[in-house]
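Below you'll find the structure, written out as structure tokens, and then a few comments.
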Amino acid sequence: MDAGKRLRVDTDLFSPRALLIGVIVLEFAVLMGAVVLVRQRLLAVPDGVIALQTIALFTLACIILLTMLVVSFGVLFQSLYNERIRRVSALVEEQIARGDLRVDLHEESSDALGSLIASINRLSRSYFESLEIEQERAANLATLNLVASTITRTLDLQEVLNISLKEVSATMNLPQGAIYMSDDRSESLTMVSYVGLSEETLREAITVAMGEGIIGKTASTKERQTTRTAGADPAIGIIAPFQVATPLVTAAGRLLGVLLIGGSEKRTLTIDEQNLLVTLCYQIALAIDNAQLYEKVSQYAQELERKVEARTRQLNRAVEELSVALERAQEADRVKSMLLSTVSHELRTPLATIKGNASLIRAHHERLSVEVLKEHLTDIEEETDKLTELISNLLDMSRIEGGVLQIDPNPFNLVEVVNDTVSAARIRTGRQAIDIVHVDDDVPLCLGDARRIEQVMNNLLDNAVKYSEDGTPVTVCVRRREAMTEVAVADRGKGIEPEKQVLIFDRFFQVMQSGDSGRHGFGLGLSICRGLIDAHNGKIWLESTPGEGSTFYFTIPSIRETDP
Amino acid sequence: MSRTILIVDDEPKIIRFLNTTLELSGYTILQAENGMQAIEVYEANRPDLIILDLGLPDIDGLDVLKHIRTYSTVPVVILTARDGEADKVRGLELGADDYLTKPFGAAELEARIQAVLRRVEWSPQPDDLSTFSLHNLHIDFKRRRVTVSDEEIHLTPTEYDLLRVLVNHAGEVMLHANLLTQVWGEEYKNDLAILRVNISRLRQKLEADHRKPVFIVTVPGVGYSVPSE
């Protein structure tokens, strides 16, 4: 207790009591004077005879004086006592008024007041001792609450572990610490968080087996272990001279791990600290359990989300595939009906001419001049040729599609075929400006079906004439290309847009492009050309610049000189 | 005076054969190779009949028909390679008088043309009514004039002929085959599409609400009837 706060009861006399003391002294002096007077009287009487009356008066006077003396002493004593009580009260009240409830009165007397003061002192000390215990408990509770609220602030497991360890270390004032978590099979414990440990300690103490060392023992027994050693020995789980290992156990009794904290050899733990540590570890176990649960739930949720996403993706893919399939089916349906419409138109138009002319001639032949008759018969013939060509093309396409196109490969002179087809095209189309502008020297014989190559040439030449203005030239080149021979047919027509160049060899391209039932024919020609050139193991392609014209190339195999 | 026919087709060989065939039958022939030319030639010459191909190089034949029908009831025979029922109905709905699919014989074409022209040239028979009135519909057969609420209705020859046959048998049920034979001819007696399309067109022109007809009533599965009063 602070010496400055000790109070001393001052019992010194003050002037009001001086009068009372004076009275007592006076009374004593009068009494002594009376005794002296009576003695002188007795000595003065010769025969020693003292009147009875005198003796009685003297006695009475002594009695009165003694009584007055006693009373005066009593009043004085009472006054002094009251004064002591008043002083004690004033001091206590003054201390209460200052807010200091500690009382330590100094009183050495063994009278009732001294005893009372001693009792008050004891009561005060007892009160303050209880108060200190309560304060300590409240502080512990506040610490617990703070730690609990800190560690439950997050559901991130690693954060929970780190914060828990840090808080416990700070609260218990033990600077070293680690948390070990048990593995799924409870065979070993692994350090998952640490504080105040050196790298060396970490390396040695990172994993411990269940039951081994202080950590393993704490885990296997689920009981707190305290060790005090000369130094650290991380290999057996000793990280500090003084350390406490507390099991982290859930409410259901499942071991989660061990919390280890330690400090210098001078450190001990009070019962309260031990209890606080147990309570903290229980809170930490709860927080870890929650975080693990949350982690599991999160994992399940993520897994579920992944599954849902995967399923959604699958569904979307399926829907997309179905949509694509539907679009293809619709497109195929559209092409089919357009194709049917085109076939119908392409067949019916020449047939209408043939039937109409035939019925006309049958009904009215005698009324028609020979010239008119010839004209109508020519129409019938031409339309029949057109029908024949159309049917041949359809059959060729069908054979190419079915992979049953027959070609008869024989050595033939490609340059001759080119010459012949160019000459025929001039007559057939009426376009004179179809010229062979270049032929490499020594073009070898080629291996293939000359009739089919003629068909390809006719088609390319007809297209070149059809899609370029009258008067513009159509040119043909023949070149050697290693094991192949290349033919190029060029026009100066309007050319073909790049996006159409890749489609132009597709069958029915024309039908699908025009969207018109057969106004521009089937578009089978180039498709058949490709089929025929493919059948010769050759290649067919085009180069075209819109507005400048197109060049169609094809190659077919040459016969090498070493070939038989 | 010979009738003039406009042939609209982009196939020169078809035009040549039609030309020869129809000239031999006494018609005067005009030609057009595309839709715009067809409209120009029609407006300049006002022929008596148009033979119209649908697949023309510039605009579709149906558009040509639609355009001409905005101001003329000239008989139109469609001549096309499109043989779908939908194409045919569409052509008739737009006001074609007949629809002929390629290929066709010269005799068939001539018969069709004559049937259509006959409807135009039709003159009142002795037992025909001279006038007919039902509600706000009034027909003056002598003047080939049809009015609804005093407003003149322009009918194509085929529509007029169909209405005439129905009104001449007012109060009776006219069987499909009967109507087809009397209006189009024996070879059409099973062509229900051409009858339905023309009935529909008549109703659209005459009835206040063509979905609830009062002049031309359907007798389901049997035919049509015009009430006598």
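Heavy-atom basis, side chains included; hydrogens, waters and symmetry copies ignored. Proteins come first, then strands; the chains are lettered A, B, ... in the order of their sequence lines, and each starts at number 1.
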Is a donor on one side and an acceptor on the other found under 3.5 Å between the side chain of A:Ser359 and the backbone of B:Ala106?
->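 Yes, A:Ser359 side chain to B:Ala106 backbone: donor-acceptor pair under 3.5 Å.
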Identify the residues of residues 15-32 of chain B whose heavy atoms come closer than 4.5 Å to a heavy atom of chain A, ordered by number, or report 'none'.
->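 When heavy atoms of chain A are the reference, residues 15-32 of chain B contributes B:Arg16, B:Phe17, B:Thr20, B:Thr21, B:Leu24 within the under-4.5 Å range.
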Verify the neighbour count for atom [atom1] of [X]: are there more than 12 heavy atoms of other residues, nucleotides or ligands below 6.0 Å?
X        : atom1 : result
B:Gln204 : CD    : yes
A:Arg426 : CZ    : yes
B:Arg46  : CZ    : yes
A:Lys494 : NZ    : no
B:Glu187 : CD    : yes
A:Gln406 : CD    : no
B:Arg69  : CZ    : yes

Those residues that, when tested against A:Asp462, pass side chain to side chain donor-acceptor pair (under 3.5 Å) (two or more places apart) =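 A:Arg428.
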So do the side chains of A:Glu383 and B:Lys13 get within less than 4.5 Å of each other, counting heavy atoms only?
->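 Counting from C-beta outward, A:Glu383 and B:Lys13 do come under 4.5 Å.
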Of all the heavy-atom pairs spanning [X] and [Y], show the shortest one and how long it is.
X        : Y        : value
B:Gly105 : A:Lys355 : N-CE, 3.8 Å
A:Arg348 : B:Pro103 : NH1-CD, 3.8 Å
B:Ala81  : A:Thr349 : CB-OG1, 4.4 Å

Using non-hydrogen atoms and a 4.5 Å limit, figure out which bit of A:Ile354 sits close to chain B: side chain, backbone, both or neither.
->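 Answer is neither: A:Ile354 stays 4.5 Å or more from chain B.
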Using non-hydrogen atoms only, which part of B:Glu108 is less than 4.5 Å away from chain A: side chain, backbone, both, or neither?
->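 When you check distances to chain A, no heavy atom of B:Glu108 falls under 4.5 Å.
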